[in-house]
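A quick write-up on the structure given underneath.
Every chain is numbered from 1, with letters handed out A, B, ... down the list of sequences.
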Amino acid sequence: MNAPIKILVVDDEAGMRLSLKGILTRKGYEVTLAADGAQALEAARKTEFRLILMDIKMPGMNGVEAFVKIKEFNPRASVIMMTAFASEDEIKRALREGACCVIHKPFEMEEVLTAITESISDRPVVLIVDDCPETRKTLREILKKKYSVAEAGSGEECLQKIAEKKFQIILLDIKLPGINGVETLKRIKEMRPDVGVMMMTGHQVDDLVQQAVQHGSYTCFRKPFEVDRLIELLDRYLKGEKVGG
Amino acid sequence: MTLKYKLALGSILLTGGGILAISQFSYHFIERARYSELESRGILLARHFADQYGEAVQRRDETELLKGMMRLLNDPEVFDGMVLELDGKVIAHTDIQEVGNVRGDWTEQLARSGKDSVVQVSGAAQKARMDILVLAKPPKKAPSAEAFFMEPNAGEELPGPGRAAIVRIGLKMQPTLDFVSRIRRGIMLIAAVTLTVTLAMSVVFAAFITRPLGRLMNAIMELGSGNTEYRVEAGPADEIGKLGIAFNAMTKQLCESQEKALRSEKLAAVGRLASGVGHDLRNPLAAIKNTVYYLRDSVKGSSLAEQDPTVMEFLELADREIQNMASIISDLMDFSRIPKLAPQPTDINPLLVEAKGLVEIPRNIRVVENYSQDLPQLMLDRGKMRQVFINLIQNAVQAMPGGGELRLASRLEDAGSHSQRTLLVDFEDTGCGISGENLKNIFEPLFTTKAKGTGLGLAICLGLVEAHKGRILVVSREGNGSTFTVRLSVEKC
């Protein structure tokens, strides 16, 4: 049907390279191997990979640096970082640069395969953050046709989820228990600056809205909202347009 | 000079001085008293003679006086006696030959003194004597009753050559001196004995006081040379005893500090080892895991799998063992890191149920759940707290290899007036229990009573709970089962 999806596997351990190539090839992917950052760059220049599985700790250029460099000429590539014991800072940096997720060795292959499928998928993933289950359910119903939907009931849960996975859009309620909406927004932007965040609010909270915009919220809409308007906003964001109000 | 001898010397000097002073005083007092006594006796004798032989004295009746003198000699203490004119001429004398001589000694003093008696001591040893001179005045005639009323001292003088004379009696001082001598010797003996006894007692007493000090000194020297186990025996209930108690407390503290330091070092060493080893093991382990995955995937559903089901079983076994290794490595890594928490508002009961579901509980264990309703939410790192619950449930299950009952409970503690409420989660088993010996060690890293295992599980749990500012308590009796209770404070969200 389609040409096999091209995956680049980068790891300095031969065992990892071989085992991953074997499994992924069996699953139908076209796998290229690289043993370090330099080789990865070379390979990426020659081929446009959809997905790169990259080890963080490697001799010479480490995985995150290589990722940053590859992003320059191949911004669309999804990157999943692997690590045995990378430092907190390196992981945070990987997420900030836009890695889909960071997996820890030894990992469950099934989970990785799912992550790969999700990363490659064209379906944008939306995270709904609201402490009211009804609101979340409603939004899910609206969005599930076009988007993959995930939910979080609090700011903390939201932050946990984005550490594990990459979302294209986050719908964030301004009023949350625990860490409030604006604070969560700030931290999301610290962790993953490339994720689009839209604030939702049920009350008149103009100053909060101001703060939200200041901290990088794409837009803000009020509940109850018009379904069409919402979908339109999402579409526009994904297309890359700037929106006001 | 050691303290013992200083003390002894001090005591001796003080008591010795006292004894000497007392002896001296007593002796002096007794000597004085004895002399006074002799004196009084002498005066009495003389006066009595003067009264008795008053008339004879006036008449200068030598014969009579002589008789009286001789009678005086009956008294063993009397040396001699005489009656003298005022100028010293002997009228009568116990030694007849002296009559007519002049014995003027001390008669002048008598006259000059204006008193009517004088006492003189002279001579030495056997010749020591006390001479008492008494003025014998002419007796007054008893006044008539009338005259007495008019003038008390009136009285006619007797006719005749009424003239004053002197009665002089010599007393032997030898007996007195002997007596005093004996007293002195006696007192000196007593003093000497007392002094000797005091000497001995002082030394004993000083030793008695300083021996505990000596023991204490030994203890301190032992401590100085590194022996922190040494304890001083209980001493007397005084300052030295208290010093001993304080010393013991101090060494105990030192011991504990040393143990703590040792533990920290152990921990640090484990930490360093853990990071290094863990990291190095993860890559090869991941590669193996992937290969097993590939093999399972390939063999699944194949004819080989059908013919020999063991192939799949073994591949699954391999996967499980790999997982086992991975969790041991995780334990090591977790242990060496300070837990970084991502707290969220969490309900305890669902988390408990979740944890329970993730533990393989054999059929012979009955699970009793007793969760309070309406428990407040806590800010917890869900993953990590679940890990703690899983670990505690696993421990409970492992304590009951022959079956038993596992009780899980969640409740709020009655805080009474406290504004800070506490949520308690109990993990109770009816297993083999933990001995008192082991009880104090179970949270120590690397401590385990199992044949296998890193011994890090409870240490990690404790670390995680404490990172949440909570505590873990254990109640256990050997043979009776154990109850682990996780205490978490409820903060206003």
query: For B:Y371, does the OH atom sit with more than 12 other heavy atoms under 6.0 Å from it, leaving out its own atoms?
result: yes

message: As an exercise, state the distance from CD1 of A:I179 to CD of B:Q344, rounded to the nearest 0.5 Å.
response: 9.0 Å

field: Minimum-distance pair of heavy atoms, taken over all atoms of B:A286 and A:K105
entry: CB-CB, 3.8 Å

message: Using every non-hydrogen atom in the two residues, find where B:R282 and A:A84 come nearest and quote the distance to one decimal.
response: NH1-O, 2.6 Å

field: Closest contact, heavy atoms only, B:P345 versus A:S154
entry: CD-OG, 4.3 Å

query: Checking A:E157 against chain B: side chain, backbone, both or neither under 4.5 Å from a heavy atom?
result: both

message: Could you check whether any side-chain heavy atom of A:E156 comes within less than 4.5 Å of a side-chain heavy atom of B:P343, counting everything from C-beta outward?
response: no

message: Which atoms of B:S298 are under 4.5 Å from chain A, going by heavy atoms: the side chain, the backbone, both sets, or neither?
response: both

- prompt: Have B:Y293 and A:E110 got a donor and an acceptor in their side chains that come within less than 3.5 Å?
  reply: yes

message: For A:E108 and B:K289: C-alpha separation, side-chain torsions, deciding distance, then whether salt bridge (Lys or Arg N to Asp or Glu O under 4.0 Å) applies.
response: CA-CA 8 Å; A:E108 288 289 343; B:K289 196 172 164 81; 3.0 Å; yes

query: What do you reckon, is CZ of B:R471 surrounded by more than 12 foreign heavy atoms closer than 6.0 Å?
result: no

query: Which atom names give the shortest non-hydrogen contact between B:N283 and A:M16, and what distance separates them?
result: O-SD, 4.1 Å

Atom NZ of A:K189: over 12 foreign heavy atoms under 6.0 Å: yes

- prompt: A:L113 versus chain B, heavy atoms under 4.5 Å apart: side chain, backbone, both or neither?
  reply: side chain

- prompt: Okay, side chain of A:R26, backbone of B:D297: is any donor-acceptor separation there less than 3.5 Å?
  reply: yes

- request: Determine the minimum heavy-atom distance between A:F107 and B:N290, stating which atoms define it.
  value: CE1-OD1, 3.6 Å

